[in-house]
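Scroll down for the structure; my scribbles are underneath it.
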Amino acid sequence: MGSPDSSSFASGTFPHKNPTLPFWRTQLHELDDHRSTEELPESCDILIIGGGYAGIAAAYHLLCGHESSNNPRPSIVLAEARQACSGATGRNGGHLRPAVYPRIPSYTKQFGLEAAVEVADFEFDHVPAIAALVEKEKIDCDFTLTKSFDIYTDKVQAETAKKYYDEFKAAGIAKSTMDDLIWTDAEHAEEVSGVKGCIGCFSFTAAHLWPYKLMLHLLQRAGSNGLILQTNTPVTSISPSTFGLGRCTATTSRGPITATKVIFATNAYTAGLLPEYATKIVPSKGICCRIVTPPSTTHPPLTNTYVLRLPKGGFDYLVPRKDGSIIVGGARTTFFNDHRNWYNNTDDSTLIASAASYFDNYMQTYFHGWEDSGARVDQTWTGILGYTSDELPSVGEVPGRDGCFIAAGFEGHGMPVIWLVMKGIAEMVAMGKRFEEVRIPRIYKTTRERLESEVDLLAPKKKV
Ligand SMILES: Cc1cc2nc3c(=O)[nH]c(=O)nc-3n(C[C@H](O)[C@H](O)[C@H](O)COP(=O)(O)OP(=O)(O)OC[C@H]3O[C@@H](n4cnc5c(N)ncnc54)[C@H](O)[C@@H]3O)c2cc1C
């Protein structure tokens, strides 16, 4: 299947035609460019827009979640603007890392303790859920269970984190998460973590994997249960005139398709189809790379994953792979202060100029014993994240649009959130359950109130 015609990519909030090449997309699956039917079907029961983690997980839950059921399977079409898993999911760090303890204090302040703990437990459950999925489906995706370090280099930040940890632990709050956390203080932090300048660190259970391989395997499974995959099929609009009449019509580059229900799994690009989310979910450019070392080099082994909280708001993530390479992303200090570099930006066809050399000598700079390793950047790419004005995903039935469901705005943290969110969405769509009847954290619910809120933590000058 060839590339879509350039005219099929409307300007504005739509995926760019020629994205950079991420490491994860260097071994392509046979379904990468696949269309299950030559012509786009005229109608279906459920239309999923977006073939990333959210869209593919929705298809899998809907078609493979209850295989023993006697109910007829709905007809489901998945329309993806580019190739399968070519958006954020195919360009991320591959880091499945529940990172909830730093958020509990702010969520508690905003939404109450119960809601905060709900999110903590929800994220925590993702590592075993994905481990079980990989085991059940025998998925070859380099899934690796590991410990992850959260590295502090700033004294005040470290003391604050430790203070909350002590308080939560003493009070028995989010027990599973807190019991899994181990704190190492300044005296041993550099030695234990291997990171220069580390003055305290947490370690906890996490995982990493090859996101593209996981997704394409799930896509194939859904396909064998009837999913009609249509790659290179951008949806350019949803007809508002048919809302409320029981059918929605989506206009695509290959003609219209009507559906009883639509799932918007469009993440950063949601506003292209649902303009009411334009200031709520903003396409935001991020950068990631792969570092390799010469075969003969010696350096300390890296067995854990990392987040490095660096001075001036620096925040990098690092995932060592079994093949000896290391995926590193972040580089925020080089570009985040100037919104023109990343805000409302769908262009993943270029790198971020000010960040392009950030990862040179990264291992030598931050890791003890890596000074003479010869580690060098092998590949760098960009991806578009769906940053949100209130730092929360938008999930559930779209206010005022019957039969339309959204799961988007996962920021840089979709891996430990999306799988179970889409299980809940699948139950809402297939079984008619209400949001409150499925297991999705209450604070993720998309509401009219959130859509109309003036809160904007993302706008220029506020979130720097
Ligand atoms: C550089 C980078 C590093 C990251 N690292 C991590 C990490 O290590 N851990 C983590 O948890 N998270 C990470 N994230 C975030 C994570 O990748 C996302 O939260 C997650 O992949 C979102 O999945 P999604 O399916 O919602 O979005 P996407 O994967 O972006 O999928 C959305 C899909 O919708 C398609 N689409 C959009 N509009 C249309 C349309 N109109 N018609 C048809 N198709 C359309 C797009 O082409 C795209 O394929 C990172 C993101 C980036 C960019």
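Atoms within a ligand are numbered from 1 in the order they appear, just like the ligands themselves.
Ranking protein heavy atoms by distance to atom 23 (O) of ligand 1, first place goes to T89 OG1, 3.2 Å. Residue, atom and distance of the protein heavy atom nearest to atom 1 (C) of ligand 1 are R91 O, 3.3 Å. Nearest to atom 36 (N) of ligand 1 among the protein's heavy atoms is P15 CG, 4.0 Å. When hydrogens are left out, the protein atom nearest atom 49 (O) of ligand 1 is E80 OE1, 2.7 Å; that is the closest non-hydrogen contact. Scanning all protein heavy atoms for the shortest distance to atom 34 (O) of ligand 1 gives G50 CA, 3.2 Å. Distance from atom 9 (N) of ligand 1 to its nearest protein heavy atom, with residue and atom name: H95 O, 2.9 Å. Nearest protein neighbour of atom 10 (C) of ligand 1, counting heavy atoms only, is M415 CG, 3.2 Å.
Salt-bridge annotation for R401 and E276: present, with a side-chain N of the basic residue lying under 4.0 Å from a carboxylate O of the acidic one. Using a 4.0 Å cut-off between a side-chain N of Lys or Arg and a carboxylate O of Asp or Glu, R25 and D32 qualify as a salt bridge. D121 and R439 are not joined by a salt bridge, as no carboxylate oxygen comes within less than 4.0 angstrom of a charged side-chain nitrogen. Ion pairing between a basic and an acidic side chain is recognised when a charged N comes within 4.0 Å of a carboxylate O; D348 and R82 show such pairing. Between D45 and R247, no side-chain nitrogen of the basic residue sits less than 4.0 Å from a carboxylate oxygen of the acidic one, so the salt-bridge criterion is not met.
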Run the salt bridge (Lys or Arg N to Asp or Glu O under 4.0 Å) check on K322 and D142 step by step: do they pass?
CA-CA 8 Å; K322 278 186 189 144; D142 295 354; over 6 Å; no

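Proximity to L385 (heavy-atom distance under 4.0 Å) selects the following atoms of ligand 1: 50 (C), 51 (C), 52 (C), 53 (C). Applying the 4.0 Å criterion to heavy atoms of F410 picks out, from ligand 1, the atoms 19 (O), 26 (O). Proximity to N267 (heavy-atom distance under 4.0 Å) selects the following atoms of ligand 1: 22 (C), 24 (P), 26 (O), 27 (O). Per-residue contacts place G383 under 4.0 angstrom from the following atoms of ligand 1 (heavy atoms of the residue considered): 53 (C). Of all the atoms in ligand 1, the ones that sit under 4.0 Å from a non-hydrogen atom of A79 are 43 (C), 44 (N). Taking every non-hydrogen atom of P416 and a distance limit under 4.0 Å, the qualifying atoms of ligand 1 come out as 11 (O). Listed by atom number, the atoms of ligand 1 under 4.0 Å from Y53 heavy atoms are 23 (O), 25 (O). Of all atoms in ligand 1, numbered sequentially from 1 with element shown, those under 4.0 Å from a heavy atom of Y317 are 1 (C), 2 (C), 3 (C), 4 (C), 5 (N).
Under the side chain to side chain contact (heavy atoms under 4.5 Å, CB included) test applied with L145, the options L209, V134, V127, I130 reduce to a single match, V127. Screening L31, L216, L214 for a side chain to side chain contact (heavy atoms under 4.5 Å, CB included) involving C85 leaves a single residue, L216. For the side chain to side chain contact (heavy atoms under 4.5 Å, CB included) test with P283, the passing option among N345, L385, T13 is T13; the others fail.
By the 3.5 Å distance cut-off applied to N or O atoms, P234 is not counted among the residues near ligand 1. Residue T233 has no nitrogen or oxygen atom sitting less than 3.5 Å from a nitrogen or oxygen atom of ligand 1, judged on distance alone. For a threshold of 3.5 Å applied to N or O pairs, the pair formed by T266 and ligand 1 contains no separation below that value. An N or O contact shorter than 3.5 Å is missing between S86 and ligand 1 by distance. Inclusion of N92 in the set of residues having an N or O under 3.5 Å from an N or O of ligand 1 is warranted. Checking only distances, L273 never comes within under 3.5 Å of ligand 1, N or O to N or O. At least one N or O atom of A88, backbone or side chain, sits closer than 3.5 Å to an N or O atom of ligand 1. Considering backbone and side-chain N/O of G414, one or more are found under 3.5 Å from N/O of ligand 1. Of the polar atoms of V235, at least one N or O is found under 3.5 Å from an N or O of ligand 1, judged by distance alone. Below 3.5 Å of separation, one finds no N or O of Q83 facing any N or O of ligand 1.
Residue A265 places a heavy atom less than 4.0 Å from ligand 1. The shortest heavy-atom distance from A408 to ligand 1 is not under 4.0 Å. Look at E411 and you'll find a heavy atom under 4.0 Å from some atom of ligand 1. The closest approach between any non-hydrogen atom of A268 and ligand 1 is not below 4.0 Å.
Ring pair Y306/F149: centre-to-centre distance below 6.0 Å. You'll find the ring centres of F202 and Y165 inside the 6.0 Å limit. The aromatic ring centroids of W370 and Y362 lie 6.0 Å or more from each other.
For W419 (side chain) and A129 (main-chain N/O), no donor-acceptor pair under 3.5 Å exists by modelled atom type. For T346 (side chain) and P15 (main-chain N/O), no donor-acceptor pair under 3.5 Å exists by modelled atom type.
Under 4.0 angstrom from ligand 1, the non-hydrogen atoms of I418 all belong to its side chain. Contact annotation for Y269 and ligand 1: only side-chain heavy atoms (C-beta onward) come within less than 4.0 Å of the ligand. In F14, the part holding a heavy atom less than 4.0 Å from any atom of ligand 1 is the side chain. Under 4.0 angstrom from ligand 1, the non-hydrogen atoms of I49 all belong to its side chain. Of the heavy atoms in R97, none comes closer than 4.0 Å to ligand 1.
Ranked by closest heavy atom to atom 7 (C) of ligand 1, the top entry among A57, G93, G52, S284 is G93. Among G409, G412, P22, the residue whose heavy atom sits closest to atom 13 (C) of ligand 1 is G412. Comparing heavy-atom distances from atom 25 (O) of ligand 1 across A81, G329, C289, A54 singles out A54 as nearest.
Using cut-offs of 30° and 60° on the angle between ring planes, the pair F122 and Y444 is perpendicular.
Within a 6.0 Å radius of OH in Y343, more than 12 heavy atoms belonging to other residues, nucleotides or ligands are found.
Residues Y164 and M178 fail the side-chain proximity criterion, which asks for heavy atoms closer than 4.5 Å. Between W381 and Q379, some side-chain heavy-atom pair lies under the 4.5 Å cut-off. For the pair K280/T388, no side-chain contact is recorded, criterion being any heavy-atom separation below 4.5 Å from C-beta on.
From N341, atom CG reaches atom CZ of R332 across 13.0 Å, with rounding to the nearest 0.5 Å. To the nearest 0.5 angstrom, R376 atom CZ is 16.0 Å from F359 atom CZ.
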